[in-house]
Undergrad: 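After the C-alpha cells below, expect a handful of questions from me.
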Amino acid sequence: MSETNLNKDNSNLTEEPATTRNFIHDLIDADLAPGGRFAGMTVHTRFPPEPNGYLHIGHAKAIIIDFGIAEQYNGLCNLRMDDTNPSKEDVEYVEAIKEDIHWLGFDWGDRFYYASDYFEQMYELARDLIRKDLAFVDEQTAEQIRVGRGTLTTPGIASPWRNRPVEESLDLFARMRAGEFADGTLTLRAKIDLNSGNFNMRDPVLYRILRAHHHRTGDDWCIYPMYDYAHPIEDALELVTHSLCSLEFEDHRPLYDWVIDNLDLPAKPRQIEFARLGINYTVMSKRKLRRLVEGNIVSGWDDPRMPTLSGLRRRGYTPASIRNFVDRIGVSKVNSTVDYAFLEHCLREDLNHNARRVMAVLRPVKLVLTNYPADKTETFEVENNPEKPEDGNRKVTFSRELWIEADDFAETPVKGYFRMFPGNEVRLKSGYVVRCTGCDKDADGNVTTVYAEYDPETRGGNTPDKRKIKGTIHWVDSKTALPAEVRLYDNLFTVEDPDSAERDFMDHINPNSLEIIANAWVESSLAGTKASLSVQFMRNGYFCLDSVDSSAEKLVFNRSVSLKDSWKK
RNA sequence: UGGGGUGUCGCCAAGCGGUAAGGCACGGGACUUUGACUCCCGCAUGCGUAGGUUCAAAUCCUGCCACCCCAGCCA
C-alpha cells in the first residue's frame, strides 16, 4: 500500500450532465404533491454503510443516488454508520468510508451519525413493543427458530414462548441486557404473522445476545438490534423521508413498515428499492474483496486492481468520471450488468478533456540523431493539454540522444506500419521530423540503438514545405530524463468469460495482473511534481501518477491496462 | 409448489394508447503534431411469448414462459 495518494484532484467536471430522471423521482414527486405522503416537506435521505469494509464502485451508485436525490430536491442527506453488528465492524473502515465519500464529491455537513447512537432509544422502543404485546422473549435455539419458521409452502409454527405474559418478557428482556444469559440463548422476537408467505414476517428476531466488543460502545451492550428492527428506527429518528436501498430489501419493506407503524416515532420514512450495480469482469461483494485482501492476492483494499473507490482512485479514476458513469447507467429495478468498457469510456472522456499530458517511454530503445551536435540542447515549449490552452505549456529538452518506445521502430515494417523504419520519416512530437537511417542490434538480434537524421527546418514538428508526416511518436531526452518504475495493472481476473469473475472468482485470478517495468523514462518536467496528473500514454489510454516523490530514486507510476489492451495481446 | 420482483438492440436505458430517444460496444468514412481524440454515416418492421380490446398497443386486459431475491440470532 503506498503511503500517499496524490491523485486526489477533483478534476473539473466539465459541465456535469443534468441527472436524468428515473422512477425514484416519479415516486418522490407524488409524495411531495398536495395530498401526498410528504406534501410540503423537505426530502431527506441517508447513505447507511456498515463499517465492515471499504466502499466500492457499487456503493458509489448508492451514494450518488442518495446524495444526488437530496441535492436535486434541495433536501438533505445524512451519512450514517450502520454499526449494529460489532463482530464485523471496525473504526478503520469508518475513516476510509468518510474519505472516499468526500473524494467522490459529496458532503453530509454536520449530519454524521451512528446507529449505535440510538441503542438506548431502540431498547426503550423494544420495551414498548413488548408492552403492546407485539414482541416476546423467545427461549428457542437458533435451530428451533429456523425449523419453526416453516418452508416455502408450509406456514411457520408458533414458538412455545409466544404467549409469554408481557411482564415476563419485560423482565427477561431487561435481564438479557443485564448480561444474565449466554450468547444465543434468548432472543426478542416480533409477533407478526406465521402464515405470511414472506419469511420476514414470521416472527422475526429483533434482538440477539452477542458479547463482542463494539468499536464505539465498547462492552456497554451485550444485546444488539437486528437490521430489520434497527434500520427503520434509525431512519425515523433522523427524520428521513425516503430510505433508498437495493432490490434485495424489497421483501423487508413490509417489516420496515410494520416497525414504523407500531412504534411512536417522529417520522414515517418510505423505503424505495433500486437495482444494485454489477460490472462484468469485476467482483462486487465486500465478502469477496475481503478474501482478496486477506489472502494477500492484492496489496490492500486500495490496490489499483480493486473495484474499491480507493483502488479506482489509485488506478487514475477521477471522481467526475465515476459520477458521470453512475449518472449515465441510470437507475431502474432491472438486474443488470454494465460493460466494463463503459466505465473505461467515462474515464477516458474525462481525462481527455482535463488531464495534462506528459511524455514517458515505457520500453525504451535509444534513438541517436547522427547529424545533431553532441553538445547541443534545445528546449521546446509543449502544450500541457491540446484541448485547454489555458493549461499552458511546459518546457521539454531535446538533444542528440533520445529514448523512444521500442515498438515505435521496426527494422522490417509489417504492411501498413507507418512509424519508424529505415528510410521512413516520422515526427518526434513537438520536436523535429527525422528520417530513420538504420539500427544496431545485440548478439541476440535485439535492437539496441536506432539511428536517424533530423531535418533542421522542422523545429517544433512543423513542416514548412507542408509535406505530410504520417507518423508521430513520443520521446524523452536521454540527458535529462528521469528514471521511473511503472506498474502495469491488467485486469485482476482473466477475461475469457465475462461472468466468471463473479462466479468462481478465486479460480480466475490473472497471475500476470501486475507487471513492474523498472527501466522506463519520463520527462524531467515531472521532477518534484506534487499535484497529480494523468498522462496520455502512447496511442491508447492513460496512466496516472500513483505517488511521486522527487527525492526517491525513481518515480513510481501506475497504469492499468484496459481490457481492450488485454484482448489485443 | 409460497411470497416479492424483473423482462425494449451484444451491454445499459428512454418510452406511460398515436405508430421504437440516447449512450457504450461494433462496422464504414473524414480529419489529425501520437494508428488516440474529434467528426460524419450505419446499427430493433421490433419491445419475453400467445391471445384479446382498440381506427391505433412496447404502452390496456388475460394466459403462459424465463430470470433474480427470500427460510441469518448478517446487513
Side-chain angles (χ1 to χ4, degrees), chain A residues 20-22 26 48-50 52 82-85 87-89 138 140-142 145-156 183-189 195-202 204-210 223-224 226-228 230-231 245-254 273 275 279-280 286-287 328-346 348-349 352-353 357 359 382-383 386-387 405 408 416-419 426-431 433 458 460-463 468-475 498 536-542 564:
Chain A
T20 36
R21 286 178 57 88
N22 56 58
D26 294 338
E50 181 184 16
N52 66 345
D82 207 0
D83 55 351
T84 57
N85 185 356
S87 57
K88 296 161 60 181
E89 297 149 8
D138 198 352
Q140 291 188 110
T141 62
I145 289 177
R146 189 182 66 74
V147 171
R149 192 142 29 221
T151 68
L152 290 181
T153 49
T154 60
D183 284 11
T185 52
L186 303 188
T187 56
L188 180 70
R189 288 231 265 162
N195 293 308
S196 173
N198 183 346
F199 286 106
N200 296 305
M201 301 302 270
R202 321 241 267 225
V205 171
L206 267 24
Y207 268 89
R208 76 280 213 183
I209 301 174
L210 178 63
I223 58 171
Y224 290 93
M226 300 292 292
Y227 166 87
D228 284 313
H231 209 84
C245 64
S246 44
L247 246 30
E248 65 267 31
F249 291 104
E250 274 182 316
D251 293 339
H252 296 245
R253 195 185 335 126
E273 311 85 8
I279 299 179
N280 53 17
K286 274 194 216 170
R287 201 193 104 253
R328 296 217 269 160
I329 56 174
V331 179
S332 72
K333 300 187 69 151
V334 184
N335 281 309
S336 58
T337 304
V338 179
D339 262 334
Y340 188 88
F342 190 55
L343 212 209
E344 293 188 314
H345 164 82
C346 292
R348 273 187 263 113
E349 183 178 64
N352 200 40
H353 287 306
R357 284 103 226 246
M359 290 192 282
V382 181
E383 77 283 359
E387 289 196 19
E405 211 64 57
D408 279 347
Y417 188 83
F418 55 78
R419 278 166 275 162
V426 293
R427 173 187 292 111
L428 297 174
K429 162 97 179 138
S430 299
V433 172
T458 58
N462 304 304
T463 51
K468 296 288 184 207
I469 305 297
K470 179 76 171 151
T472 298
I473 65 174
H474 57 276
W475 51 274
Q536 181 175 27
F537 180 69
M538 298 165 73
R539 288 159 202 82
N540 43 31
Y542 301 79
K564 221 182 208 177

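All values reported here derive from a predicted model rather than from experimental measurement. Numbers restart at 1 for each chain; the letters A, B, ... are given by sequence-line order, proteins then strands.
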Undergrad: Output yes when a side-chain donor or acceptor of R149(A) lies under 3.5 Å from a complementary backbone atom of P204(A), and no otherwise.
TA: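 Checked: no pair found.
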Undergrad: Can you name the closest pair of heavy atoms from N198(A) and R202(A) and give their distance?
TA: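 Reported closest heavy-atom pair: O-CG, 3.6 Å.
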Undergrad: Classify E387(A) by what it touches in the nucleic acid, base, sugar-phosphate, or nothing, heavy-atom distance under 4.0 Å.
TA: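 Sugar-phosphate: the residue E387(A), judged by heavy atoms under 4.0 Å, touches backbone atoms but no base.
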Undergrad: At 4.0 Å (heavy atoms only), tell me whether E89(A) reaches a base, stays on the sugar-phosphate, or touches nothing.
TA: nothing
Undergrad: Once hydrogens and angles are ignored, does a donor-acceptor distance under 3.5 Å link the base of rA36(B) to the side chain of H474(A)?
TA: no
Undergrad: Between rU45(B) and rG22(B), how many Å separate the two P atoms, rounded to a whole number?
TA: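 My reading of the P atoms in rU45(B) and rG22(B) gives 16 Å.
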Undergrad: What is the separation between atom CZ on R202(A) and atom P on rA71(B), rounded to the nearest whole Å?
TA: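 Distance, rounded to whole Å: 11 Å.
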Undergrad: Nearest-Å distance, CD (E248(A)) to P (rG3(B))?
TA: 21 Å
Undergrad: If I compare all heavy atoms of R189(A) with all of V205(A), which pair ends up nearest, and what's the gap?
TA: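 Smallest heavy-atom distance, with atoms named: CD-CG2, 3.7 Å.
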Undergrad: Between rG72(B), rG5(B), rC24(B), which nucleotide gets closest to the side-chain atoms of E250(A)?
TA: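 Nearest to the side chain of E250(A) among the choices is rG5(B).
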Undergrad: Counting the atoms with a prime plus P, OP1 and OP2 as sugar-phosphate, which does H231(A) contact under 4.0 Å by heavy atoms, base, sugar-phosphate, or nothing?
TA: nothing
Undergrad: With distance as the sole criterion, do the side chain of D251(A) and the base of rG3(B) form a donor-acceptor contact below 3.5 Å?
TA: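 In this structure, the two groups form a donor-acceptor pair.
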Undergrad: If I take atom CZ in residue R21(A) and atom P in nucleotide rA13(B), what distance separates them, rounded to the nearest angstrom?
TA: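 Checked: the CZ to P distance equals 17 Å.
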Undergrad: What nucleic acid atoms does Y207(A) come within less than 4.0 Å of, heavy atoms only: base, sugar-phosphate, or nothing?
TA: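 Result for Y207(A) = nothing.
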Undergrad: With sugar-phosphate meaning primed atoms plus P, OP1 and OP2, does D82(A) contact a base, only sugar-phosphate, or nothing at under 4.0 Å between heavy atoms?
TA: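 Touches sugar-phosphate only.
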Undergrad: What is the base-pairing partner of rA20(B), counting Watson-Crick and G-U wobble geometry with both distances under 3.5 Å?
TA: none
Undergrad: Looking at W475(A) and K429(A), what are the two nearest heavy atoms and their distance?
TA: NE1-O, 2.7 Å
Undergrad: What contact category does V331(A) fall into here, base, sugar-phosphate, or nothing, at under 4.0 angstrom with non-hydrogen atoms?
TA: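 Here V331(A) touches the backbone only, sparing every base.
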Undergrad: Would you measure the distance from the P atom in rG28(B) across to the matching atom in rA36(B) and give it in whole Å?
TA: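 My reading of the P atoms in rG28(B) and rA36(B) gives 12 Å.
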Undergrad: Out of rA75(B), rA25(B), rG35(B), which has the shortest distance to the side chain of F249(A)?
TA: rA75(B)
Undergrad: Should E50(A) and R287(A) count as an ion pair when the cut-off is N to O under 4.0 Å?
TA: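 Answer for the salt bridge query: no.
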Undergrad: Taking only the P atom of each, what is the distance from rG23(B) to rC39(B) in whole angstrom?
TA: 10 Å
Undergrad: Remember a base hit wins even if backbone is also touched, and classify G150(A) as base, sugar-phosphate or nothing at under 4.0 Å, heavy atoms.
TA: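 Result for G150(A) = base.
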Undergrad: Say we look at rC60(B) and rA21(B): how far apart would their C1' atoms be, to the nearest angstrom?
TA: 23 Å
Undergrad: Considering every strand and a 4.0 Å limit on heavy-atom distances, what is the contact class for Y224(A): base, sugar-phosphate, or nothing?
TA: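 Counting heavy atoms under 4.0 Å across all strands, no contact is made by Y224(A).
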Undergrad: If you pin N200(A) and D26(A) to their nearest nucleotides in RNA chain B, which one's is more 5'?
TA: D26(A)
Undergrad: Apply the syn/anti split at 90° from 0 to rG72(B) and say which one it is.
TA: syn
Undergrad: With heavy atoms under 4.0 Å as the rule, sort I145(A) into base, sugar-phosphate or nothing.
TA: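 Answer is base: heavy atoms of I145(A) come under 4.0 Å of a base.
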Undergrad: If you look at every heavy atom in N195(A) and P155(A), which pair is closest and at what distance?
TA: OD1-CB, 3.2 Å
Undergrad: Which is true for D183(A) with a 4.0 Å heavy-atom rule: it touches a base, it touches only sugar-phosphate, or it touches nothing?
TA: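 If one applies the 4.0 Å heavy-atom cut-off, D183(A) turns out to touch nothing in the nucleic acid.
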Undergrad: Find every protein N or O atom lying less than 3.5 Å from an N or O atom of nucleotides 8-12 of chain B, and list the pairs.
TA:
residue : atom : partner : partner atom : Å
rG10(B) : N2   : D339(A) : OD2          : 3.2
rC11(B) : O3'  : T337(A) : O            : 3.1
rC11(B) : O2'  : T337(A) : O            : 2.8
rC11(B) : O2'  : D339(A) : N            : 3.4
rC12(B) : OP1  : T337(A) : N            : 3.1
rC12(B) : O5'  : T337(A) : O            : 3.4
rC12(B) : O2'  : I329(A) : O            : 2.8

Undergrad: So which one's nearest nucleotide on RNA chain B is more toward 5', G184(A) or E383(A)?
TA: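 Its nucleotide being nearer the 5' end, the pick is E383(A).
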Undergrad: Closest approach to the side chain of K88(A), judged atom by atom: which nucleotide of rG2(B), rC73(B), rC74(B) is it?
TA: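 The answer is rC74(B).
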Undergrad: Rounding to a whole Å, what distance do you find between I469(A):CD1 and rU32(B):P?
TA: 13 Å
Undergrad: Once you round it to whole Å, what is the distance between P of rU33(B) and CH2 of W475(A)?
TA: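 To the nearest whole Å, that distance equals 17 Å.
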Undergrad: Suppose you measure atom C1' in rG51(B) against the same atom in rC65(B); what distance do you get, rounded to whole Å?
TA: 14 Å
Undergrad: Starting from P on rA30(B), measure out to NZ on K468(A) and report it in whole angstrom.
TA: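 To the nearest whole Å, that distance equals 14 Å.
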Undergrad: With the side chain of N352(A) defined as its heavy atoms from C-beta on, choose the nearest nucleotide among rC74(B), rA71(B), rC37(B).
TA: rC37(B)
Undergrad: Which label fits F249(A) and Y227(A): parallel for a plane angle under 30°, tilted from 30 to 60°, or perpendicular past 60°?
TA: tilted
Undergrad: Closer than 4.0 angstrom, basic N to acidic O: yes or no for E250(A) and K333(A)?
TA: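 Counted as a salt bridge, because a side-chain N and a carboxylate O are separated by less than 4.0 Å.
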Undergrad: Base, sugar-phosphate or nothing for G416(A)? Non-hydrogen atoms, less than 4.0 Å.
TA: base
Undergrad: Please name the nucleotide paired to rC39(B) by Watson-Crick or G-U wobble geometry with both distances under 3.5 Å, or report none.
TA: rG29(B)
Undergrad: Which part of the nucleic acid, if any, lies within reach of T84(A) when heavy atoms closer than 4.0 Å are counted: base, sugar-phosphate only, or nothing?
TA: sugar-phosphate
Undergrad: How many whole angstroms separate atom CZ of F418(A) from atom P of rU32(B)?
TA: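 Nearest whole value for this atom pair: 13 Å.
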Undergrad: Write down the distance between CE (M201(A)) and P (rC69(B)), rounded to a whole number of angstrom.
TA: 22 Å
Undergrad: Roughly how many Å apart are rG10(B) and rC26(B), using the C1' atom of each and rounding to a whole number?
TA: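 That atom pair is separated by 9 Å.
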Undergrad: Looking at every heavy atom in both A230(A) and T84(A), which two are closest together, and how far apart are they?
TA: CB-CG2, 3.9 Å
Undergrad: Counting only Watson-Crick or G-U wobble pairs whose two distances fall under 3.5 Å, which nucleotide matches rU49(B)?
TA: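 Base-paired to rG63(B).
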Undergrad: What's the closest nucleotide to the side chain of R149(A) if the choices are rC73(B), rU33(B), rG2(B)?
TA: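 Among the listed nucleotides, the one closest to the side chain of R149(A) is rC73(B).
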Undergrad: Rounding to the closest angstrom, what is the interatomic distance between rU49(B) and rC9(B) at atom P?
TA: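 That atom pair is separated by 10 Å.
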Undergrad: Which nucleotide, if any, forms a Watson-Crick or G-U wobble pair with rA57(B), using both distances under 3.5 Å?
TA: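 No nucleotide pairs with rA57(B).
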Undergrad: So, does the side chain of R419(A) form a donor-acceptor pair with the base of rG35(B) at under 3.5 Å?
TA: yes
Undergrad: When we call it a touch if two heavy atoms are under 4.0 Å apart, what does R427(A) touch: a base, just sugar-phosphate, or nothing?
TA: base
Undergrad: For the backbone of A341(A) and the side chain of D339(A), can you confirm whether one donor and one acceptor N or O come within less than 3.5 Å of each other?
TA: no
Undergrad: What's G471(A) touching, base or sugar-phosphate or nothing? Going by heavy atoms closer than 4.0 Å.
TA: nothing
Undergrad: rC68(B) and rC31(B): how far apart are their C1' atoms, nearest whole angstrom?
TA: 47 Å
